[in-house]
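Below is one structure, written out as structure tokens; the observations come after it.
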Amino acid sequence: MVLAAGCGGAGGSADHSAERAPASGEHHGQPAPRASASGAQDARQNSETETETGRETGTETDTETDTETDTETAQISTFALDVDTASYGYARRSLQEGRWPAPAEVRPEEFVNAFRQDYRQPSDDGFAVHADGARLPGRDQAVLRVGLQTRESSAAARRPANLTFVVDVSGSMAEPGRLDLVKQALHRLLDQLAPGDQVSIVAFSDDARLLASMTPLAARDELHAAVDELAVSGGTDLESGIVAGYQEAARAYRPAATNRVVLLSDGLANQGQTAWQAILDRVKEHAARKIALLTVGVGREYGDELMEQLADNGAAVYVSSAEEAENVFVTRLPATIELRARDAKAQVVFNPSVVESYRLVGYDNRTLSAEEFRDDGRDGGEIGPGHSVTALYLVRLKPGASGQLAQATVRWQDPDTRAAAEASASIGSGDLAGSVWEKAPLRLQVDLVAAAFAGYLRDREGLGFDLPTLREHAARLAREAEDPMVTELADLIVKAGAVG
């Protein structure tokens, strides 16, 4: 999802631009108790002195952002972009097995980002920014959707890749659907990669072993043999695996290639360092060399928090079946290995003369201060080709007010030059659809159902929608969309009713 940097004036144009941005001193506070709204200048002055209570990206603190933020005290919302979908994948498996997912492992933004969007693609390697919304039934509220889209790239057109696969072969990976699934996926991927790509394979249990140093795809047989060599034994020293993987990736680093480490594990570390920050500290110098991390989670028992936080500046996915592994490794990964943007961040500025308060749905551990938006030394998200990122806001409107609601801006750095650029879009009150369930775009309705379902799984509130209402709308949307993912969502809501 993507957002903006300045707000004011009337109207709601879907203006898109990309340019180098000036420094900004605006600040965003975390959700605060509601109060009356005042002018934009006072709001900025107040918010600049406010203490940021959210978790800074890369540090561990507990935060709760599911409350409304008054635009009088904090009109600016800033966060690092996130393309993770692991939370949805793991919750899906839990419900299909008749288990309620752990609330702490439910992240609404990952539910939303698991679904296809219909955003316009940009003509260049930047972002297209999209903003729309709709009024909610029987309330003085609306849902605002901010989305960003990068341009797709074919696997044949991308630059070569150096991929270091770090594979967990500890005892817990012996269960069906773990190492067997990983090996099957790696064999399929090796057959899909291009001749210019190179692959290395690291296995870890009690310690780490390099099974294949960086090998050209011309020698596929050697790499297939290394995959076959993967066998279960011992405990789980994930730290040793990550460190060995990054050391190998750094040793074989190619400036003209995309360099990535891919961790495949159930995330159940029990030896060495087991805290994500301590593990990342061991490899931060290598990671700073533009070596991004993708975590692929497997297993019924799954270390969700560790895998998600390790991928703080990369991406985290979860697979539980051969079909899902095929989608991740064969369909998506070869075309999305490349990066479109580094350290991508979003900022939305609300107009306090029209918006009384707002609530960002999810992104609880991605929040940033407003000053960090244009601090290019501050970590953001890594975004690849063809990715869409979506964020939803619930906004409370001032009765009778009209004009611009918000402006959304995304800022990112070029993967090679580190040059910063921005793109923006704005939305006005007149751009809101009159009814979310009757007039809003179908994909916006799906996003709202997905986010509300995540909210229900987490706290039984569902953004104000009960489970029967979500079930009704999901069933209707499944018929209209003719999308297997939406049909699956409708089925999961039914299963949640039975489990819960």
Non-hydrogen side-chain atoms of [X] and [Y] separated by less than 4.5 Å:
X	Y	value
F350	L144	yes
L163	L193	yes
F79	L360	yes
R120	Q149	no
V354	Q404	no
L293	V283	no
F127	I383	yes
R340	S153	yes

Relative to each other, are the rings of Y318 and Y90 parallel, tilted or perpendicular (30° and 60° limits)?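 Y318 and Y90: perpendicular rings.
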Mark yes or no for whether [X], through its side chain, and [Y], through its backbone, hold a donor-acceptor pair below 3.5 Å.
X	Y	result
S402	S429	no
E461	G455	no
N113	D82	yes
S94	W100	no
D124	P122	no
T150	G386	yes
R260	I337	yes
D140	K398	no
E324	S320	yes

If the condition is salt bridge (Lys or Arg N to Asp or Glu O under 4.0 Å), which residues does [X] pass it with, not counting sequence neighbours?
X	result
D483	R443
R476	E480
D304	R107

So which atom in [X] and which in [Y] form the shortest heavy-atom distance, rounded to 0.1 Å?
X	Y	answer
V348	A406	CG1-CB, 3.9 Å
A346	F373	C-CE1, 3.7 Å
D343	D376	OD2-O, 4.4 Å
I427	G133	CD1-N, 3.8 Å
A80	G380	CB-CA, 3.9 Å
L457	P101	CD1-CG, 4.1 Å

Going by atom types only, do S388 and Q117 share a side-chain donor-acceptor pair under 3.5 Å?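 Looking only at side-chain atoms, Q117 and S388 do not form any donor-acceptor pair under 3.5 Å.
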Can a side-chain donor-acceptor contact be found between Y358 and S77 if the only test is distance below 3.5 angstrom?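 Judged by distance alone, the side chains do not pair up.
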I would like to know whether L264 and F329 meet side-chain contact (heavy atoms from CB on, under 4.5 Å); could you show each step before the answer? CA-CA 12 Å; L264 304 107; F329 284 94; 3.3 Å; yes
Could [X] and [Y] be called an ion pair, given the rule that one side-chain N must be under 4.0 Å from one carboxylate O?
X	Y	answer
D118	R116	yes
E68	R359	no
R366	E308	yes
R378	E371	no

Taking only residues two or more places apart in sequence or in another chain, which ones pass side chain to side chain contact (heavy atoms under 4.5 Å, CB included) with P399?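 Side chain to side chain contact (heavy atoms under 4.5 Å, CB included) list for P399, sorted by chain: empty.
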By side chain to side chain contact (heavy atoms under 4.5 Å, CB included), which residues pair with A102, not counting sequence neighbours?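 By the side chain to side chain contact (heavy atoms under 4.5 Å, CB included) rule, A102 matches E105.
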Distance check, rounded to the nearest 0.5 Å: [X] atom [atom1] versus [Y] atom [atom2]?
X	Y	atom1	atom2	answer
E382	R342	CD	CZ	5.5 Å
F453	L95	CZ	CG	5.0 Å
Y363	T78	OH	OG1	13.5 Å
L306	T295	CG	OG1	9.0 Å
E326	L189	CD	CG	10.5 Å
L463	L392	CG	CG	8.5 Å

Residue pairs passing the ring pair (Phe, Tyr, Trp, His ring centres under 6.0 Å) test where at least one lies in residues 465-500, sequence neighbours excluded: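 Residue pairs passing ring pair (Phe, Tyr, Trp, His ring centres under 6.0 Å), neighbours aside: W437-F465, W437-H473.
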Go through the steps for V395 and L397 under the test side-chain contact (heavy atoms from CB on, under 4.5 Å), then give the verdict. CA-CA 6 Å; V395 297; L397 305 173; 4.0 Å; yes
Contacts under 3.5 angstrom, residues 488-500 side chains, donor-acceptor by atom type, not counting sequence neighbours:
{"from": "E488", "atom 1": "OE1", "to": "Y88", "atom 2": "OH", "distance (Å)": "3.0"}
{"from": "E488", "atom 1": "OE1", "to": "R92", "atom 2": "NH1", "distance (Å)": "3.1"}

The criterion is side-chain hydrogen bond (donor to acceptor under 3.5 Å, both in side chains); which residues satisfy it with [X], sequence neighbours excluded?
X	answer
R159	E338, D416
D375	none
R460	none
N327	none

Which pairs, with at least one residue in residues 142-152 and sequence neighbours excluded, count as a salt bridge (charged side-chain N to carboxylate O under 4.0 Å, His left out)?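 For residues 142-152: D125-R151, D132-R145, R145-D447.
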Please check if the number of heavy atoms outside R135 that lie under 6.0 Å from its CZ is greater than 12.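 Check fails, neighbour count at 12 or below.
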